[in-house]
Amino acid sequence: MFTPNTPEDQQAMLAKIGAKDIQELLAQIPEKFLYPALDLPKALTEQELTAHVHELAAQNKPLKNFIGAGMYEHFIPAAVPALSSRGEFLTAYTPYQAEASQGTLQTIYEFQSCMCALLEMDVATASHYDGATAMTEAALAAVRITGRKQVVVSALLHPHYKEVLKTYTRHMGITVVEAPVTDKDVLDVAALKAQLGADTACFILQTPNFHGYLEDAQAVSSVVHSSGALLVAVVNPISLGVVQTPGAYDADFAVCEGQPLGNPLSFGGPGLGVMTAKKAYVRQLPGRMVGIAKDKDGQRAFVLTLQAREQHIRREKAASNICSNEALCALNAVIYLTLLGPQGLKEVAELNLERAHQLANLINQKSFHVKTFSPFFNEFVVTCPVPAAQVIQKLEEKGIAAGYDLGGSELLVCATEMRTEADLQAYANALGGI
Amino acid sequence: MNEILQHKLSIEKSAPGRRGVRFEKTQKPASAYLPQNQLRKTAPNLPQLSEFDTVRHFTALSQQNYCLDAEFYPLGSCTMKYNPKAYDVLSALPGFTGAHPFAPQSAVQGTLKLAYELQELLKKITGLSAFTLQPAAGAHGELTGILTARAYHDAHNGQNRTEVIVPDTAHGTNPATANMAGYHVVNIQSAPNGCVDKAALKAALSEKTAVVMLTVPNTVGLFETDIEEIAEMVHAVGALLYMDGANFNALIGLAKPADFGVDIMHLNLHKTFAAPHGGGGPGSGPVGAAKHVAPYLPHPIVSCENGQYTLADHRPESKNRMKAFYGNMAVVIRGYCYLRQFDATTLKEIAENAILNANYVRACLKGKFNAFFDRTCMHECVLTPPDPHTTGVHTSDIAKRLLDYGFYAPTIYFPLIVPEALMIEPTETENKDMLDAFVAAMERIYDEIQTDPQVVKDAPHNQPVKRIDEVSAARQPNLRW
Ligand SMILES: Cc1ncc(COP(=O)(O)O)c(C=O)c1O
């Protein structure tokens, strides 16, 4: 069905090749391996497949979502998928032939520019796999730059990010240690200061942290830099509509999960690894970057550049092994930010802030306690009178995804602009029944 | 579109106060909720465009791309096969796109079931014992695989295994991956027939070898006929055989890598399994492992117990996690859709026709653009141009000239062992007419090389921009507005 050659075509082609049949072309493969038995289900027609996959999708239960914890449900304007799903973008590949790929290349340049503007950083790459791998590669760059072998992370770094970091570094002689947090669910800056040593390559700061609270990034930045280590910031891109930027607190690398910018949850993938840095570190960045060049007539044109960092040139000496990235997700992000502009971004960030605070207020009126002693953006911790798992189960029965189970009685709850005031009330009411 | 506007950046079309989306007004400003020191000081320099401006801008940009939907895209090693439209629609069903990775598992049974079924199908067609869908791309799959091998060796007193052997035909991601996994890379030269030089491999193998990474078929488009013997050599020193499955399109339905003795491999759903390439990604690079290695694949993997699907985090032997969440589901769904459209009799037609098409192009161009290794190839052929020392015309010029004739260029200058390489992978979804048109364009370029080489060297002539001076971009990098 996907092979358009007719038997007559095949005969003509074989004649040109000088082979009697297709099997003759397979002589390189030892015969005993050829045509193994395959126990595959019946092949579906497009119509059957469509019905079957609709049925699978219907087995996912739509819940009013109050979960964040690294992936956030936001409004996606219709123009975003309408534009990014154009075959001209969707079915192209890496723009190796720049003259025939100016569309993709310019969108990447614009993406890099938007990321630099959003995070107030100097340079950005074309994208990485997700927030966790972008963060990890930033830490690896910090190790290369400083020649130091220890990476310190906040105890309230996303637990999956910690695991990815450890997976990538465990065999490299790099140690990962955690800096403690206070009972206000933010970093203990004094303890951090004591922990940073002459072998600390970087400190990884996540703000808002995994519990949703904003860190005193300025204070962290100065203790980190006074130890000679680099600061890697992990941020929430939507929060930057209102919250101070990594550039403002002098981060050396700033990364984020870019999914909230115009990309659906999609069970956590594809994500969009956003990787930015100070200009001085541009040659240490992993993966592709697009820059401005001139064509023969002196006209502005866009090309992949600084490729001497990359695996296809440097092989085992490359900054990273990354090849394919998340270009289409980056395209969604740049279309999203172009539609919103600075004003729309500020509005959506304010709406997140307000909805989360409204929800915190409503929850606090029940026998549930919201930890509100540190500032938060769109996510916060609730102490429940019963195990969080029980709350999640009870609310699921009411069509609500209550939050992320932090263990014991603690629940991580998120409200984005997608939750209306009626949704917030319904959530609070559902808690009332517990 | 207007000539002057056409090449502008969005920021150059921006006017203060314009915008495309507005949101509900809040009751209070941000300062009511956050302390002063947490607030952003200056607004970001993002473009200010109406929705209509934005649509025009990106539509116009899309029209400056060659793409598979419109052009033959014979990019070797990338398997640019048709991306069925049904899969775009199905992968975008709200039931899938709205699923949160931390939703109660009872609420995401559809996604989990689909992932589980794909794991099972991949096991069947490769013969391997377990698959993870976690990796986000081929290179990410390689790293997953090599770290899996490392975990296996760590558990089998293999801490002294410090080397990974990589042939010189390997894609750059292979040695880069081995290095990222903390191994020393041992490069070995290929034999004169383009395959692994067994003597060189034997000399390189030792009790220090952790893994041998092979691409099968390799990047010159040839199958390693002695693969079974090679696997035995690798296993004899206690090392593992890793197969880069980027080229699995040549084998799908025809042969199972597990039968060759492969211990670990990755597949590319954005190649063999018809998922679109998205201008550079996202991809998906599932990794499979033979029984003895399977426990060391990263966690989690979808499992099924009593008809309930779970992302099981209880895999005691596996400490690794490769990304924050399980797999690029939007791509995984497409891979699943693709496999469900074939059965045992039709699956092999993919590989057979891919091989037929590549050999047809090779045969048609013989005498003008000769295969570097002049023998039957698998799914791709690696050709060379007439000697640039006499013609003055290089592969890069030929690539640009192809654009003028309405074809995207093949992969060029790879593999590195072939000088001036033109690596052509037509895929099975192209028909003979398209291949004939491509061959005709190549023949015309061949004639031009003899009669009017300058027209080739000055190409392209009809693209949105003329030949770009790539070096000019690196001199003083301008990477943002
Ligand atoms: C042989 C081979 N291995 C690995 C890769 C890397 O795959 P990805 O780009 O999906 O990371 C490629 C990509 O083109 C390839 O051709």
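Chain naming here is simple, since letters A, B, ... match the order of the sequence lines and numbering starts at 1 in each.
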Heavy atoms of A/Ala301 and B/Val465 approach each other most closely as CB-CG1, 4.1 Å
Indicate the atoms forming the closest heavy-atom contact of A/Val303 with A/Ala293, along with that distance. CG2-CB, 3.8 Å
Contact part of A/Asp130 toward chain B, heavy-atom cut-off under 4.5 Å: side chain, backbone, both or neither? side chain
Most heavy-atom pairs under 4.5 Å with chain A, out of B/Asn45, B/Thr177, B/Ile11, belong to B/Thr177
Is it the backbone or the side chain of A/Thr245 that comes under 4.5 Å from a heavy atom of chain B, or both, or neither? side chain
Please classify the contact of A/Ala37 with chain B as side chain, backbone, both or neither, using a heavy-atom distance under 4.5 Å. backbone
Return yes if a side-chain donor-acceptor contact under 3.5 Å exists between B/Thr173 and B/Glu142, otherwise no. yes
Which atoms of B/Met378 come close to chain A, meaning under 4.5 Å heavy atom to heavy atom: side chain ones, backbone ones, both, or neither? both
Please classify the contact of A/Met172 with chain B as side chain, backbone, both or neither, using a heavy-atom distance under 4.5 Å. side chain
Counting heavy atoms not belonging to A/Gln393, are there more than 12 under 6.0 Å from its CD? no
Check each atom of A/Leu340 against the heavy atoms of chain B and say whether the ones under 4.5 Å are side chain, backbone, both or neither. both
When the 4.5 angstrom heavy-atom criterion is applied to A/Arg86 and chain B, the contacting part is side chain
If you count heavy-atom pairs under 4.5 Å between each of A/Leu14, A/Ile335, A/Leu345 and chain B, which one has the most? A/Ile335
Under 4.5 Å from any heavy atom of chain B - which part of A/Phe89: both
Tell me, side chain or backbone of A/Lys42 under 4.5 Å from chain B's heavy atoms, or both, or neither? backbone
How about B/Ser10 and A/Glu110: does a side-chain donor come under 3.5 Å of a side-chain acceptor? yes
For chain B, which of A/Leu90, A/Thr104, A/Asp9, A/Asn65 has the most heavy-atom pairs under 4.5 Å? A/Leu90
Picking from A/Gln218, A/His158, A/Lys166, which has the most non-hydrogen pairs under 4.5 angstrom with chain B? A/His158
Flag the one option from A/Pro77, A/Pro375, A/Ala401, A/Ser84 with the top tally of heavy-atom pairs under 4.5 Å to chain B. A/Pro375
Heavy-atom pairs under 4.5 Å with chain A, option from B/Lys113, B/Gln341, B/Arg150, B/Glu349 with the top count: B/Gln341
For the NE2 atom of B/His270 and the CG atom of B/Asn328, what is their distance to the nearest 0.5 Å? 9.5 Å
Please look at B/Leu93 and chain A and tell me whether the side chain, the backbone, both or neither of the residue comes under 4.5 angstrom of a heavy atom of that chain. side chain
Cut-off 4.5 Å, heavy atoms of chain B, and the answer for A/Ile22 is side chain
Heavy-atom count check: over 12 atoms from other residues, nucleotides or ligands less than 6.0 Å from A/Lys346 NZ? no
Would you say the ring centroid of B/Phe325 lies under 6.0 angstrom from that of A/His160? yes
So which residue, B/Asn179, B/Asn83, B/Leu46, ends up with the most heavy-atom pairs under 4.5 Å with chain A? B/Leu46
Between B/Leu356 and chain A, which part of the residue has a heavy atom less than 4.5 Å away: side chain, backbone, both or neither? both
Tell me, for A/Gln10 versus chain B, whether the close heavy atoms (under 4.5 Å) come from the side chain, the backbone, both or neither. both
Engaged part of A/Glu46 at the chain B interface, taking heavy atoms whose separation is under 4.5 Å: both
Look at the rings of B/Phe102 and A/Tyr404 and say which category their plane angle falls in: under 30° parallel, 30 to 60° tilted, over 60° perpendicular. perpendicular
Under a 4.5 Å heavy-atom cut-off, does chain A meet the side chain of B/Pro94, its backbone, both or neither? neither
Using a cut-off of under 4.5 Å on heavy-atom pairs, state which of A/Gly291, A/Ala132, A/Pro270 scores highest against chain B. A/Pro270
With chain A as the partner, which of B/Tyr66, B/Tyr82, B/Tyr73, B/Phe223 has the greatest number of non-hydrogen pairs under 4.5 Å? B/Phe223
Would you say NZ of A/Lys296 has more than 12 non-hydrogen atoms from neighbouring residues, nucleotides or ligands within 6.0 angstrom? yes
For the ring pair B/His140 and A/Tyr129, is the centre-to-centre distance below 6.0 Å? yes
With B/Lys25 as reference, evaluate A/Glu417, A/Glu354, A/Glu347 under the salt bridge (Lys or Arg N to Asp or Glu O under 4.0 Å) test and give the passing residue. A/Glu347
Less than 3.5 Å apart, any donor N or O on the side chain of A/Gln299 or B/Lys466 sitting next to an acceptor on the other? no
Check each atom of B/Leu75 against the heavy atoms of chain A and say whether the ones under 4.5 Å are side chain, backbone, both or neither. side chain
Considering all heavy atoms of both residues, which atom of A/Cys116 and which atom of A/Asp122 are nearest to each other, and what is their separation? SG-O, 3.4 Å
Greatest number of non-hydrogen atom pairs under 4.5 angstrom with chain A, of B/Glu24, B/Lys41, B/Arg22, B/Arg18, falls to B/Glu24
Can you tell me if NZ on A/Lys61 sees more than 12 non-hydrogen neighbours from other groups inside 6.0 Å? yes
By a 4.5 Å heavy-atom criterion (distance strictly below it), what part of A/Leu83 contacts chain B: side chain, backbone, both, or neither? side chain
Are B/Asn65 and A/Ser101 close enough that a side-chain donor and a side-chain acceptor fall under 3.5 Å? no
Pick from A/Thr94, A/Thr305, A/Ile313, A/Val243 with the largest number of heavy-atom pairs that fall under 4.5 Å of chain B: A/Val243
Let's test your reading of the structure: which of B/Ala178, B/Gly182, B/Ser106 forms the most heavy-atom pairs below 4.5 Å with chain A? B/Ser106
Residue B/Thr42 versus chain A: region with a heavy atom under 4.5 Å: both
If only side-chain N and O atoms count, and only distance matters, is there a donor-acceptor pair under 3.5 Å linking A/Tyr93 with A/Ser324? yes
Side chain from CB out, backbone as N, CA, C, O: work out which of these in A/Met71 comes under 4.5 Å of a heavy atom of chain B, or both, or neither. both
Taking side chain as everything from C-beta outward and backbone as N, CA, C, O, which of these in A/Pro36 sits under 4.5 Å from a heavy atom of chain B? Side chain, backbone, both or neither. both
Does the side chain of A/Gln59 pick up a donor-acceptor pair with the side chain of B/Thr111 at under 3.5 Å? no
